[in-house]
S.K.: 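Dropping a structure here in structure tokens format, bear with me for questions.
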Amino acid sequence: MTSASGGADMVDWNLAVATATRLVRPGPEVSRAEAAAVVAELRRHALEAEEHVREFTGMRSSSLTEAAATPVLIVDRPGWVRANVAGFRTIVQPLVEKLQARRTGGAAAGVLGTVGEKATGIEVGALLAFLSTKVLGQYETFAPAEPSLEAPDSPAALFDKPRLGPDGPGPGRLLLVAPNIVHVERELDVDPADFRLWVCLHEETHRTQFTAVPWLRDHIQSEVQSFLSETDVDPGALLDRLRDAAGALGGGLPGLGGRGDGAAPGTLLEVVQSPAQREILGRLTAVMSLLEGHADVVMDGVGPAVVPSVAEIREKFQQRRDRGANRLDLVLRRLLGMDAKLRQYQDGAVFVRGVVDRVGMEGFNRVWTSPNTLPTKDEIHDPAAWVARVGR
């Protein structure tokens, strides 16, 4: 699975971007003037949300330089694809090197050659095309280093254009996907200005988390790299796990109700993991639940003071989450772990509120002291246990 540009990547990333761009569905119909107004308003709201989040949480960026180095980009769906391809290339480098070493030894050359760079690029592109319609905003933790933007396609271009090439890891950047925000606000029939600020409050909380807690990004990157380093690239072992995965998932998909053994059906990622990877993923799940739940709590805490229709927005948005989509969409969400993402919002928010109720926001902020003060996977479901261990 080498790169067409030089043999150093797992995937033909340029083909992945081209495929996603061809397959992605168009966004809502708006005039150019309307699109320009949306982009301008999102930029204003992102700036406004920053101060609201700081005031509510008591969290401040460790330095003005760090905050300035994490830009806010307003992108369309192809721009979101480009940004995430750049992030993927940055984070999977250890796995690339492992596969390259394996192939050099000849053991996996036949299997990897059969898969092929172009087939893999098409598969990744199709996946990104699907996901690009679902995301309202995203703090891209593993963005490539600056410069983070390419020159626009034309002087009149509306959207930021993230770089595709690998520049090594950078400090991160916040993405707001304008077409998806407009699509959802129309679907929910809510006040556009209020909804856009509400979304910015959630996403700006993520930006604040990483700029105010300098060690957080390196900690998560270390965990992800450990997860990837544990990946078994032996073709025989991988095929055995894939057979097990087919049986496990096959028992759960028809009714979307489980595998028949009382266990919740896993995602494709979960069912091919080694025991060491499951342990690492447990820690990552706890961290991501904390971050997502914290952002939801901040969004709802700030909302009543600055978003007049926040109650209506929250009610309709939650109904949309609960309702889901069509059957195929639900299957894809489960396989890709997107339903687990929704559980992270819920579990994390319960944890944050439980801790704040006991020790206040200042006591909760001790969670950002070091990796040792992060909640465990069990503590996410038991705020009192975290308070007993850390929060007093």
Side-chain angles (χ1 to χ4, degrees), residues 46 49-50 53-73 83-84 86-88 90-94 137-146 148 168-175 200-229 279-299 301 341 344-345 347-349 351-352 355-356 359 361-377 379-380 383 386 389-391:
E50 181 177 4
V53 170
R54 290 176 177 179
E55 183 67 25
F56 183 82
T57 63
M59 300 174 68
R60 297 278 170 175
S61 299
S62 57
S63 70
L64 293 176
T65 301
E66 177 127 9
T70 57
V72 178
L73 309 185
N84 278 269
F88 288 165
T90 299
I91 197 62
V92 302
Q93 190 57 37
Q138 168 190 353
Y139 185 80
E140 195 187 4
T141 314
F142 304 112
E146 295 289 356
S148 62
R173 56 192 177 189
L174 178 61
L175 308 177
C200 287
L201 288 171
H202 181 103
E203 303 307 332
E204 177 57 39
T205 302
H206 288 316
R207 183 167 175 259
T208 298
Q209 289 163 348
F210 283 91
T211 58
V213 186
W215 55 263
L216 183 59
R217 180 186 178 278
D218 289 341
H219 172 69
I220 293 177
Q221 184 176 27
S222 175
E223 292 281 54
V224 172
Q225 302 292 11
S226 296
F227 182 91
L228 293 176
S229 69
E279 183 178 339
I280 296 168
L281 192 66
R283 296 195 297 268
L284 279 170
T285 298
V287 175
M288 300 312 296
S289 296
L290 168 69
L291 300 181
E292 295 294 358
H294 182 236
D296 253 21
V297 169
V298 172
M299 179 173 62
K341 176 83 165 178
Q344 288 176 359
Y345 288 118
D347 296 344
F351 170 80
V352 173
V355 173
V356 172
V359 296
M361 185 61 75
E362 184 177 353
F364 166 79
N365 280 342
R366 294 176 188 169
V367 77
W368 312 117
T369 304
S370 76
N372 292 330
T373 59
L374 293 172
T376 65
K377 191 174 181 181
E379 287 172 343
I380 283 290
W386 182 89
R389 181 174 68 87
V390 175

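Predicted model, so just to flag it, every value in this text is computed and none were measured. In this chain, numbering begins with 1 at the start of the sequence shown.
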S.K.: Can you give me the closest heavy-atom contact between Ile380 and Ala286, atom names plus distance?
M.R.: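 Minimum heavy-atom separation between Ile380 and Ala286: CD1-O, 3.6 Å.
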S.K.: Going by side chain to side chain contact (heavy atoms under 4.5 Å, CB included), name the residues that satisfy it together with Thr285, two or more places apart in sequence or in a different chain.
M.R.: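 Residues passing side chain to side chain contact (heavy atoms under 4.5 Å, CB included) with Thr285: Leu281, Ser289, Gln344.
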S.K.: Kindly determine whether Gln221 and Thr141 satisfy side-chain contact (heavy atoms from CB on, under 4.5 Å), including the steps that lead there.
M.R.: CA-CA 9 Å; Gln221 184 176 27; Thr141 314; over 6 Å; no
S.K.: When you check the side-chain N and O atoms of Gln209 and His206, is any donor under 3.5 Å from an acceptor?
M.R.: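 Side-chain D/A pair, Gln209 to His206: present.
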S.K.: Holding to side-chain hydrogen bond (donor to acceptor under 3.5 Å, both in side chains), I want the full list of residues that pass it with Thr205, two or more places apart in sequence or in another chain.
M.R.: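 Per chain and number, Thr205 pairs via side-chain hydrogen bond (donor to acceptor under 3.5 Å, both in side chains) with no residue.
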S.K.: Kindly write out the residues that satisfy side chain to side chain contact (heavy atoms under 4.5 Å, CB included) with Val356, not counting sequence neighbours, or none if the list is empty.
M.R.: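 Side chain to side chain contact (heavy atoms under 4.5 Å, CB included) check on Val356 returns Val352, Met361, Phe364.
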S.K.: Any chance you could measure Arg173, atom CZ, to Phe210, atom CZ, to the nearest 0.5 Å?
M.R.: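 So the gap between those two atoms works out to 14.5 Å.
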S.K.: Applying side-chain contact (heavy atoms from CB on, under 4.5 Å) to Val390 and Glu379, what does each step give before you reach the verdict?
M.R.: CA-CA 11 Å; Val390 175; Glu379 287 172 343; 5.8 Å; no
S.K.: Distance from Met288 atom CE to Asp347 atom CG, nearest 0.5 Å?
M.R.: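 If I round to the nearest 0.5 Å, the distance is 13.5 Å.
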S.K.: Is the shortest heavy-atom distance from the side chain of Leu175 to the side chain of Glu140 under 4.5 Å?
M.R.: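 SC-SC contact between Leu175 and Glu140 confirmed.
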S.K.: Tell me the closest heavy-atom pair linking Ala46 and Glu204, and the distance in Å.
M.R.: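 In this case the closest contact between Ala46 and Glu204 is O-OE1, 3.9 Å.
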S.K.: Do Met59 and Val53 come close enough that some side-chain heavy atom pair is under 4.5 Å?
M.R.: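 No, every pair of side-chain atoms sits at 4.5 Å or beyond.
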S.K.: With the threshold set at 4.0 Å, does a side-chain nitrogen-carboxylate oxygen contact exist between Arg207 and Glu203?
M.R.: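 No, no charged N to carboxylate O under 4.0 Å.
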S.K.: Using modelled atom types and a 3.5 Å cut-off, is there a donor and acceptor pairing between side-chain atoms of Trp386 and backbone atoms of Thr373?
M.R.: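 Checking the backbone N and O of Thr373 against the side chain of Trp386, a donor-acceptor pair under 3.5 Å is found.
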S.K.: Side chains of Thr208 and Val298: closer than 4.5 Å at any heavy-atom pair?
M.R.: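 They are not in contact (no side-chain heavy atoms under 4.5 Å apart), so the answer is no.
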S.K.: Can you tell if the side chain of Val355 reaches within under 4.5 Å of the side chain of Val367, non-hydrogen atoms only?
M.R.: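 In short, these two side chains do not touch, never coming nearer than 4.5 Å.
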S.K.: My understanding is that only residues two or more places apart in sequence, or in another chain, count here; which of them pass salt bridge (Lys or Arg N to Asp or Glu O under 4.0 Å) with Glu223?
M.R.: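 Testing Glu223 for salt bridge (Lys or Arg N to Asp or Glu O under 4.0 Å), a comparison that skips the adjacent residues, returns Arg283.
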S.K.: Could you grab the distance from atom CG of Leu284 to atom NZ of Lys377, nearest 0.5 Å is fine?
M.R.: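 Rounded to the nearest 0.5 Å, the CG-NZ separation comes to 10.5 Å.
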S.K.: Between CH2 of Trp215 and CG of Leu374, what distance do you get to the nearest 0.5 Å?
M.R.: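 Spacing of CH2 (Trp215) from CG (Leu374) equals 4.0 Å.
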